Visitor: 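Structure below; questions to follow.
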Amino acid sequence: MTTAEEKDGTGAMIRRMVDRTIQRNIKGVQFLTSSPPTVGQTPKDVIAQRGTMKLYHYHPQSEEIYRVPVLLTMATTNRAYVFDLAPSFSLVEFLLKHGFDVFVLDWDPPRSDERGLGLEDYVLDFIPDCVERITRDTGVDEVSIIGYCMGGVLSLLYAALHADGPLKNLICLTTPVDWSEMDLFQSFSHKKYFDVDRLVDSVGIVPADTIMTAFDMLRPANKPAARIQLLDNLWNDDFVRSYRMFTRWQNETLPLAGEYFRQTTKDLLWDNKLFNDTLTVGGQKVDLSKIKLPIMHAIAQHDHIVPFNASKPLISKVGSKDKTEIVLKGGHVSLIAGPNAVLRLWPTIDEWLGERSV
Amino acid sequence: MNKAKDPADLWRSWVSKMEREIDSMSQKLMKTDEFARTTHTLNDIRMSLREAVGGVSTKNLELFNMPSKEDVTGLGDRLAGIERRLTMIERMLTTLAEQKSGEGKTARSGPPRTKMPPKKAAKKAAKKASTKKKPAKDAS
């Protein structure tokens, strides 16, 4: 590199730095004064609402659609709009444009009279109710399910307990099966010290703050570092928009029904019953080997919420012949939303599910 | 090619290094028995305080003839119960209406459910093309 080129390079760098500093100041003011970003804009209808359960049907965006409709099941701790953050950053929109008939099972914060909701209510009532409504609405007697995180666990339990049901295909996204590998959650809910009964009996509904604190504690430096990154990238509209959407989603973590929290803590975290094949839901024994339908499991390589080893055994536990496991780069959320998901997970879902939705 | 180093890159890499180090350090700490014992003891104290304060404030509200949190929650529960019954009635009425009109399933109209995955669609198109070509060959 010649001296003249070096000078040019340094000059360009200084110009860029000055420009970005000005932009940071202007956009910093905009950031503080503007309202939160709009999310979940893809047109839809609420076709069922019952307590904490809400079922959306999205308007098809393709001239012809696959025969089998698909239901996306969200984790009970979070809002389902992470599937539909913004145009061109929306899994829902992507699926619609690729010819799927999309339904989403979302959760509202459980009301105080729903404190007694347990796993059986989600697995034997809410999901079957949604599936039944979808079959009635579409006139098709089969449905595929895509379940994310705890939504994946619920979908898996549903599939195991409705082996002869209308489920055609199942996609689990970063779904924990071996809960003994959830080491930090194990520590937060240490059997020797954590009095889950006292907590649940005293609060009824486990507050969203408690859930959010647990998530934040998994990576305590994450939030401050993200704020520093935001300051650095305030000049970049795309970065700021993405930051605000994800922060909004994280801040809207949902409270949990007490009984459900108790069961999750005792049966899954403490006794690892799903992995040990000793789990019962509503008096019915859950046997994952009874699942014979086509199944795909997507695992995130750097998932700090559901560690790789916690979700890895899923595929070996199910009895399906047509089973696929994919391990993708990324974390728990970047697996399903954001620029990486657009390139990695979404096309994989489209290809796998499309072939099995006719 | 001109590639001057951005001095802020040093700062950025320091931030991400610190983030990783703090996370890994605190994760190690959180996995210890002492951490679990301390946090749960603190939680127990917090809950005891909460219960004690809750009891006192309920008594004070009662003194001033004001509804407590439990009263308001109870009202909410009753409203929710009414809502639930209404939903049940609505569902029953829909089912009855469907039975009366003789329709078991009322499928929503929409695009045809004929879409094929790209590979199958391509195969189908190729097959169609080959069957179309055959009669032409026979004719010649």
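Residue numbers start from 1 in every chain, and the chains themselves are labelled A, B, ... in the order their sequence lines are given, proteins ahead of strands. What you are looking at is a predicted structure, and each value in this text was computed from that prediction instead of being measured.
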Visitor: Hey, what do you get for CG (D23(B)) to CZ (R219(A)), rounding to the nearest 0.5 Å?
Guide: 6.5 Å

Visitor: Heavy-atom distances under 4.5 Å only: say whether I205(A) touches chain B with side chain, backbone, both or neither.
Guide: neither

Visitor: With a 4.5 angstrom heavy-atom cut-off, is it the side chain or the backbone of H304(A) that approaches chain B, or both, or neither?
Guide: neither

Visitor: At a 4.5 Å cut-off on heavy atoms, which part of M17(A) comes close to chain B: side chain, backbone, both, or neither?
Guide: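 Only the side chain of M17(A) comes within 4.5 Å of chain B.
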
Visitor: May I ask you to check whether over 12 heavy atoms, not counting those of K97(A), lie within 6.0 Å of atom NZ?
Guide: no

Visitor: If I take atom CD1 from residue I228(A) and atom CH2 from residue W11(B), how far apart are they, to the nearest 0.5 angstrom?
Guide: 5.0 Å

Visitor: Taking atom OG of S62(A) and atom NZ of K115(B), what is their separation to the nearest 0.5 Å?
Guide: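 The NZ atom of K115(B) is 5.5 Å from OG of S62(A), to the nearest 0.5 Å.
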
Visitor: Specify which of S357(A), P220(A), S202(A) makes the most heavy-atom pairs with chain B at under 4.5 Å.
Guide: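 Answer, by heavy-atom pair count under 4.5 Å with chain B: P220(A).
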
Visitor: Hey, what do you get for CZ (R50(A)) to CE (M88(B)), rounding to the nearest 0.5 Å?
Guide: 10.0 Å

Visitor: Show your working on side chain to side chain contact (heavy atoms under 4.5 Å, CB included) between D113(A) and R78(B) and close with a plain yes or no.
Guide: CA-CA 9 Å; D113(A) 64 315; R78(B) 290 185 69 181; over 6 Å; no

Visitor: Mind listing the closest non-hydrogen atom pair of S187(A) and T32(B) along with its distance?
Guide: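 Result for this residue pair: OG-O, 4.5 Å.
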
Visitor: Of the backbone (N, CA, C, O) and the side chain (C-beta and beyond), which part of E83(B) lies under 4.5 Å from a heavy atom of chain A, both, or neither?
Guide: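 E83(B) touches chain A through side-chain heavy atoms alone.
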
Visitor: So for R12(B), is it side chain, backbone, both, or neither that comes closer than 4.5 Å to the heavy atoms of chain A?
Guide: side chain

Visitor: List the atom pairs, donor and acceptor, that lie under 3.5 Å between side-chain atoms in residues 192-201 of chain A and the rest of the protein, sequence neighbours left out.
Guide:
residue, atom, partner, partner atom, Å
Y193(A), OH, D33(B), OD2, 2.6
D195(A), OD1, R198(A), N, 3.2
D197(A), OD1, R262(A), NH1, 2.8
D197(A), OD1, K266(A), NZ, 3.0
D197(A), OD2, K266(A), NZ, 3.0
R198(A), NH2, S48(B), OG, 2.9
R198(A), NH2, E51(B), OE1, 3.4
D201(A), OD1, R262(A), NH1, 3.4
D201(A), OD1, R262(A), NH2, 3.1

Visitor: For the pair M30(B) and F188(A), evaluate side chain to side chain contact (heavy atoms under 4.5 Å, CB included) and give the outcome as yes or no after the intermediate values.
Guide: CA-CA 8 Å; M30(B) 282 187 276; F188(A) 299 158; 3.6 Å; yes

Visitor: Between R20(B) and chain A, with a heavy-atom cut-off of 4.5 Å, which part of the residue counts as in contact: side chain, backbone, both or neither?
Guide: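 Neither part; nothing is under 4.5 Å.
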
Visitor: Looking only at heavy atoms and a cut-off of under 4.5 Å, which of P60(A), P224(A), G51(A), A221(A) has the most pairs with chain B?
Guide: A221(A)

Visitor: I'd like to check T138(A) versus R113(B) (side-chain heavy atoms, cut-off strictly below 4.5 Å). Are they in contact?
Guide: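 Counting from C-beta outward, T138(A) and R113(B) do come under 4.5 Å.
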
Visitor: For each of D129(A), V68(A), D350(A), tally heavy-atom pairs with chain B at distances under 4.5 Å, and name the one with the top tally.
Guide: D129(A)

Visitor: Under the side-chain hydrogen bond (donor to acceptor under 3.5 Å, both in side chains) rule, what pairs show up with a residue in residues 35-47 of chain B, not counting sequence neighbours?
Guide: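 side-chain hydrogen bond (donor to acceptor under 3.5 Å, both in side chains) check on residues 35-47 of chain B returns no pairs.
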
Visitor: Given a strict heavy-atom distance threshold of 4.5 Å, which part of D101(A) is in contact with chain B: side chain, backbone, both, or neither?
Guide: side chain

Visitor: If I measure from the heavy atoms of chain B, does Q229(A) come under 4.5 Å with its side chain, its backbone, both, or neither?
Guide: neither

Visitor: How far does OG1 of T73(B) sit from CZ of R115(A), to the nearest 0.5 angstrom?
Guide: 8.0 Å

Visitor: What closest approach, in Å, do P111(B) and E63(A) show between heavy atoms, and which atom pair accounts for it?
Guide: CB-O, 3.3 Å

Visitor: Report which part of D45(A) has an atom under 4.5 Å of a heavy atom belonging to chain B: side chain, backbone, both, or neither.
Guide: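 It is the side chain, since no backbone atom gets that close.
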
Visitor: Does a sphere of radius 6.0 Å around CD in E132(A) hold more than 12 heavy atoms from other residues, nucleotides or ligands, not counting ones at 6.0 Å or beyond?
Guide: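 Counting other residues, nucleotides and ligands, CD of E132(A) exceeds 12 neighbours.
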
Visitor: On a heavy-atom basis, which atom in Q27(B) and which in L218(A) lie closest, and how many Å separate them?
Guide: NE2-O, 2.8 Å

